[in-house]
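Below is one structure, written out as structure tokens; the observations come after it.
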Protein chains: 2
Amino acid sequence: MPRAGLTPALVAEEAARLSDEEGFRSLSLAAVAKRLGVATPSLYKHVDGLAGLHREVALLGANGLGERVQRAAVGRSGPDALRAAAGAYRRYAHAHPGRYTALQQLPRLAGAEPDLTTDPVRVLAAVLRGFGIPQDQMVHAIRTLRSTLHGFVDLETHGGFGLPEDVDETYALLVEGLVRALHQWPGATERTNTRRSRG
Amino acid sequence: MPRAGLTPALVAEEAARLSDEEGFRSLSLAAVAKRLGVATPSLYKHVDGLAGLHREVALLGANGLGERVQRAAVGRSGPDALRAAAGAYRRYAHAHPGRYTALQQLPRLAGAEPDLTTDPVRVLAAVLRGFGIPQDQMVHAIRTLRSTLHGFVDLETHGGFGLPEDVDETYALLVEGLVRALHQWPGATERTNTRRSRG
DNA sequence: GCGTAAAAGCTAATGGCATTAGCCAAGTGA
DNA sequence: TCACTTGGCTAATGCCATTAGCTTTTACGC
């Protein structure tokens, strides 16, 4: 009987796909094993149990999100960079809800840090250059940016917006509010274009 | 042998306490039964399985959060009401992390709506009166407010803020940014006090 | 008081899942 | 070719949720 030819990367990818398709809460070793045509205990040769699988999916999410946001923002600056980054952030969460959910639990699954070149936090920090925010305020501004984007995406993916009003429009308005708040951030100096990209 | 004297409300309360103390992911029928000194299947006489327990805890969270935020904001208006509400919102999430987490999943556990008089969304909507936001913009403004508060609290409680910088200060800055964004909301008319309550 | 019926708790049993131990075959390298 | 590593397997354990069905308490009508 031929071997399945699994690797840690293959297992993690399949787990990520499963959690995107069926929801992060449906992610189990048994379900991944079934999709790979293998017995559950076999997975232990490639991942460190269920916690390890969660960590791998979270890392895929962190790298994927960081990469998409970075790609969207490159070549832009100030409000334009922020709008592009915000759009990419939300699109990634829609396209990969399981990975995105896993990503939020990364701190709990200690010991593993996302790849530093695409760490989403660093990417968002880079996007904030051009707003003239003083160095000692940057941490606060980045946290505010992360909170806002994550909060919207999290409520949206959990079905928190029940009313029929256009959710895309809410997001555009939220991002514009963010642009204004960052422009007027305490100590901010530079004045850049504030025109909205969308009516 | 005497009876334990359980009721649905007692079971739900104990489950909420457990999830606050041990984390929502530790909430199980077995753990609740043990704390109540009862066999696991006995709980089925009072709650509708694990999903029902989740729903009950979520409802306790919705009512508790709505009540606290409302109490904090009553008698205030505009930015002052918003600051008070934001503070109460975050304090509730800190004091009751299990209930708060459960609350986010309410839409998934369909069929049950939080008590309308303390529905957190309605309370936050009331807080926004005084910002002069036109009716057709209110849904967007409320969603933005919810997203911002929830995003911060969610990242914070998941350990998302790793750096040592003062998280209280970040929250104060975020709330002030929110105040400015709501003042300058498209179509907003009224101009109210924007002074910060905290340096 | 008394007897009946509902309700509350129990034990037993089933099935899903994660995890560990230990076996065996398939590659791999001298 | 042969030994060793490695990937996959089965078996077994334990925890949890859930259902079925039993027993005893409690409440209530007489």
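Throughout, protein chains are lettered first and strands after them, A, B, ... in sequence-line order, and every chain is numbered starting at 1. Only this structure's heavy atoms are used, side chains among them; waters, hydrogens and symmetry mates stay out.
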Let me have the donor-acceptor pairs involving side chains of residues 127-141 of chain A, under 3.5 Å, with sequence neighbours excluded, atom names and distances please.
unit_1: Q137(A); atom_1: OE1; unit_2: W185(A); atom_2: NE1; d: 2.6
unit_1: H140(A); atom_1: ND1; unit_2: T170(B); atom_2: OG1; d: 2.5

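- Picking from dC16(D), dC17(C), dT18(D) the nucleotide with the shortest atom distance to the side chain of L29(B) gives dT18(D).
- Note on the helix from dG1(C)-dC30(D) to dA30(C)-dT1(D): angle between the axes of the first and last five pairs equals 10°, rounded to 10 degrees.
- Between L50(A) atom CG and dT20(C) atom P there is a gap of 12 Å when expressed in whole angstrom units.
- Contacts between residues 17-27 of chain B and DNA chain C, counted as heavy-atom distances below 4.0 Å, involve no residue at all.
- Using a 4.0 Å cut-off between a side-chain N of Lys or Arg and a carboxylate O of Asp or Glu, D20(B) and R17(B) do not qualify as a salt bridge.
- Using modelled atom types, one finds no donor on one side chain facing an acceptor on the other under 3.5 Å when comparing H94(B) with Y89(B).
- For the side-chain contact (heavy atoms from CB on, under 4.5 Å) test, no residue two or more places apart in sequence or in another chain qualifies with A95(B).
- Y92(B) is linked by a ring pair (Phe, Tyr, Trp, His ring centres under 6.0 Å) to H96(B), counting only residues two or more places apart in sequence or in another chain.
- For E67(A), the salt bridge (charged side-chain N to carboxylate O under 4.0 Å, His left out) partners are R71(A), not counting sequence neighbours.
- Annotation: side-chain contact (heavy atoms from CB on, under 4.5 Å) contacts of T40(A) (sequence neighbours excluded): L29(A), A30(A), A33(A).
- Under the side-chain contact (heavy atoms from CB on, under 4.5 Å) criterion, V121(A) pairs with D119(A), I142(A), R146(A), not counting sequence neighbours.
- Here ring-ring contact (aromatic ring centres under 6.0 Å, His included) pairs that include residues 26-61 of chain A, with residues two or more places apart or in two chains, are F24(A)-H54(A).
- Residues in residues 29-40 of chain A take part in these salt bridge (charged side-chain N to carboxylate O under 4.0 Å, His left out) pairs, two or more places apart or across chains: E14(A)-R35(A), E21(A)-R35(A).
- Contacts of residues 6-16 of chain B with DNA chain C (heavy atom under 4.0 Å): L6(B).
- The cationic atom of R90(B) (NZ for Lys, CZ for Arg) lies less than 6.0 Å from the six-membered ring centre of Y171(B) and within 45° of the ring axis.
- Taken residue by residue, residues 35-49 of chain A places heavy atoms nearer than 4.0 Å to DNA chain C at T40(A), P41(A), Y44(A), G49(A).
- Between E56(A) and R99(A) there is no salt bridge, since none of the side-chain N atoms of the basic residue sits less than 4.0 Å from a carboxylate O of the acidic one.
- One finds no salt bridge joining E156(A) and R143(B) here, because no Lys/Arg side-chain nitrogen approaches an Asp/Glu carboxylate oxygen to under 4.0 Å.
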